[in-house]
Amino acid sequence: MTSRSARIADPDAPDRNAQTAHAAPSGKRWHSQPESDRWLASNSLHVAMPRIPFRVDGWLPARGANVWFGAGSTGKTQLLLWMAAMIASRPEYRAPTWLGGTINGTGHVLILSAEDTGQQIIERLRNILHTTMGQDAAMARETSARLHVMPFLSMSEAEFRHPNASLFRLAEDRVWRASEVLTEVREYIKGWNARHDDPEDQIVGVVMDSATSMAGFDSMDEGATTNFFFYLNRMCETMKLFFTIIGHVPKGSTVPQKDPWGTAAARLRGVAIWTTAPRMVVEVRFIQEWHLKRNTVHEAKELRERLPGVRREDILVVYAAKANLQGVCRDPRYLVRVEEGAFRQVDAPKPGSTRPGDAKAQDPGKRHNASSTTPAPRSSAQQRADKEARYRPGTPIILRVIKRAYPNIAPGDYVIESLIKKTLDTMHGEEPFKARRCIVSSSGSGAGIRIGGLSWHLQQLAEAGVLTNANNRYRFARWPDPSPDEA
């Protein structure tokens, strides 16, 4: 960044070069040109786009300011660092989608933070690249070279001489304007992109952590908020950027059972402007439990039943709280937090259970009418056979995971369950692993082995001759025909 004493461009001018042809007459701030046809819609009708392009389909418009908000410690920063890393990665190094939306192109991402130190951010990114995305050291190094980290909190006073990292300020004329920090951020992006002709080597977006520590004004100040988003959206249009802001909900904010989705926007600080000015507003929160007089209502009940060993605080739900764009994802996405802060996406609950306000989801204890038709009971042997058939497709998946975890495995080498599980978690974004419902979260052991668990699948591979089992310790024997890559 330039020093504070350096010459700073006018922050109110989106682009000097772009304005040269239509510069306002002396003394005017707006050259409306009523004597011309410049603003007639017919001039641009032939180049109009049917919808705004997305950087990540359904989740991130390619241009404009967006807010992702939630309570503290829900994983917002980790989630958006993951998003930044996915956009920055070469397509061959990552899954083609994020939260189910196709990633369109690649580019550099600038990360602004006044909440974490540089070391903390880099550590988070390392865990994301290695654990969540499964990149090796060379891939992770190349991806991280496309992520620009500005950790204002840990910059020395020689590097950053401003008293704070606020991006907006109240000027002497009592008008809210971009601060010198935001102006210098803008100059950094312009300077970098001017030096790189390839669009994939240019900065395509910014992640700001967070509104509380960097906005520079009280979030309830409508005047400041209006000016802030007008400036950011104008800057994004001029520079072809997205600008994603991490926001917070007020302390003590609750999620009502009656309409947790429809009330999402009301939980964001400074409700009115913060939910209308951005292109898109997304809520990130823990999955909920509502304690009623006689029972507890669980949000996404089917999902909770499928993940019995996972704490409620480790299941996130992400959804659009407000957006007026065509192509926005209207369905929620569920994420499970795994080791080292990584996430893996899990299947959404069945239709009818995603909205806890639905009558069926509100009354889990209600019994069916006695006159309703029920199928004849099946024997325990039949039930077990049905269950085994349902989970058997997961065994070829485990075989592929073993191939990934042990690329040079030889007969007699041990196969460790913990490494298989960790590798499985890193491969969640790949196309074949959409069938992970064929693998349950807990394994069990010995006589209590659980059908569909990892130990059960390893047992199937042992019966097929791929592994050997001695005292529940598995060793590799041979690859089957066809190979794991063809299975």
Side-chain angles (χ1 to χ4, degrees), residues 1-2 6-24 29-31 49 52-56 60-68 80 83-84 87 105 107-114 148-150 152 162 165-171 175-196 199 202-211 213-217 219 221 223-247 273-274 276-281 323-325:
M1 287 191 182
T2 59
R7 182 179 178 82
I8 296 173
D10 180 2
D12 292 322
D15 194 319
R16 289 290 187 187
N17 294 331
Q19 296 185 57
T20 303
H22 303 286
R29 288 181 177 268
W30 177 21
H31 189 18
M49 292 184 294
I52 293 176
F54 280 79
R55 178 61 63 178
V56 180
L60 182 66
R63 301 183 192 178
N66 311 277
V67 175
W68 288 56
L80 288 176
M83 180 194 75
I87 293 170
H108 289 229
V109 179
L110 173 60
I111 298 164
L112 309 176
S113 177
H148 305 237
V149 178
M150 296 294 183
F152 296 116
H162 299 288
S166 297
L167 300 186
F168 239 56
R169 64 181 178 83
L170 187 62
V175 175
W176 284 97
R177 303 183 186 279
S179 71
E180 291 180 336
V181 177
L182 181 51
T183 304
E184 290 172 6
V185 166
R186 184 170 181 159
E187 291 300 311
Y188 178 88
I189 297 171
K190 288 176 65 176
W192 177 274
N193 289 352
R195 291 172 42 231
H196 298 84
Q202 294 183 343
I203 296 173
V204 298
V206 179
V207 173
M208 167 184 158
D209 188 14
S210 68
S213 57
M214 295 185 66
F217 52 86
S219 62
D221 189 319
T225 309
T226 301
N227 281 272
F228 181 58
F229 279 111
F230 181 77
Y231 182 93
L232 288 184
N233 281 318
R234 202 176 191 188
M235 183 182 87
C236 289
E237 286 296 318
T238 300
M239 305 182 74
K240 301 178 175 61
L241 300 168
F242 66 82
F243 202 107
T244 301
I245 302 168
I246 297 177
I273 302 298
W274 280 88
T276 55
R279 284 279 173 84
M280 187 170 178
V281 180
N324 55 3
L325 307 174

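Everything quoted here is computed from the prediction, not taken from an experiment. Residues take their numbers from the sequence shown, with the count starting at 1.
Contact of the Trp68 side chain with the Thr244 side chain is registered, since non-hydrogen atoms from C-beta on lie closer than 4.5 Å. You'll find the side chain of Phe54 reaches within 4.5 Å of the side chain of Pro61, heavy atoms only. Tyr231 has its side chain within reach of Leu182: a pair of non-hydrogen atoms, C-beta onward, lies under 4.5 Å apart. By the 4.5 Å heavy-atom criterion applied to side chains, Trp192 and Leu110 are not counted as neighbours. Contact annotation: the side chain of Leu60 approaches that of Ile87 to within less than 4.5 Å [non-hydrogen atoms, C-beta and beyond]. Here the side chains of Val181 and Leu112 are not in contact, with every heavy-atom distance at 4.5 Å or above. In this structure, Phe168 and Leu232 have side chains that are not in contact, with every pair of non-hydrogen atoms separated by 4.5 Å or more.
Under the 3.5 Å distance criterion, the side-chain polar atoms of Arg169 are left unmatched by any main-chain donor or acceptor of Gly216. Judged purely by atom type and a 3.5 angstrom limit, Asp209 has no side-chain atom pairing as donor or acceptor with the backbone of Ile246. For Gln202 (side chain) and Gly107 (main-chain N/O), no donor-acceptor pair under 3.5 Å exists by modelled atom type. Panel note: side chain Asn193, backbone Ile203; a donor-acceptor pair is recorded below 3.5 Å.
Taking the six-membered ring where the residue is Trp, Phe228 and Trp274 present tilted rings, their angle falling between 30° and 60°.
Rounding to the nearest 0.5 Å gives a distance of 9.5 Å between CG of Leu167 and OG1 of Thr183. Distance check, rounded to the nearest 0.5 Å: CE of Met214 to OG of Ser113 gives 7.5 Å. Here the straight-line distance linking atom CZ of Arg55 with atom CG of Asn66 works out to 12.5 Å at 0.5 Å rounding. For the atom pair Ile189 CD1 and Met235 CE, the distance stands at 5.0 Å (nearest 0.5 Å).
For the pair Gly205 and Leu241, the tightest heavy-atom approach, listed with the atom from each and the gap, is N-CD2, 3.8 Å. Taking all atoms of both residues into account, the shortest heavy-atom contact from Ile245 to Ala211 is CG2-CB, 3.8 Å. Nearest heavy atom pair, residue Ala65 against residue Cys236, reads N-SG, 4.3 Å. Val204 and Pro199 get closest at one heavy-atom pair: CG1-O, 4.3 Å. The shortest non-hydrogen separation linking Ala224 to Asp221 is N-OD1, 3.0 Å.
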His162/Glu184 under side chain to side chain contact (heavy atoms under 4.5 Å, CB included): CA gap, chis, key distance, verdict: CA-CA 11 Å; His162 299 288; Glu184 290 172 6; 3.1 Å; yes

Test log, rule side chain to side chain contact (heavy atoms under 4.5 Å, CB included), inputs Ile52 and Arg279: CA-CA 10 Å; Ile52 293 176; Arg279 284 279 173 84; 3.9 Å; yes

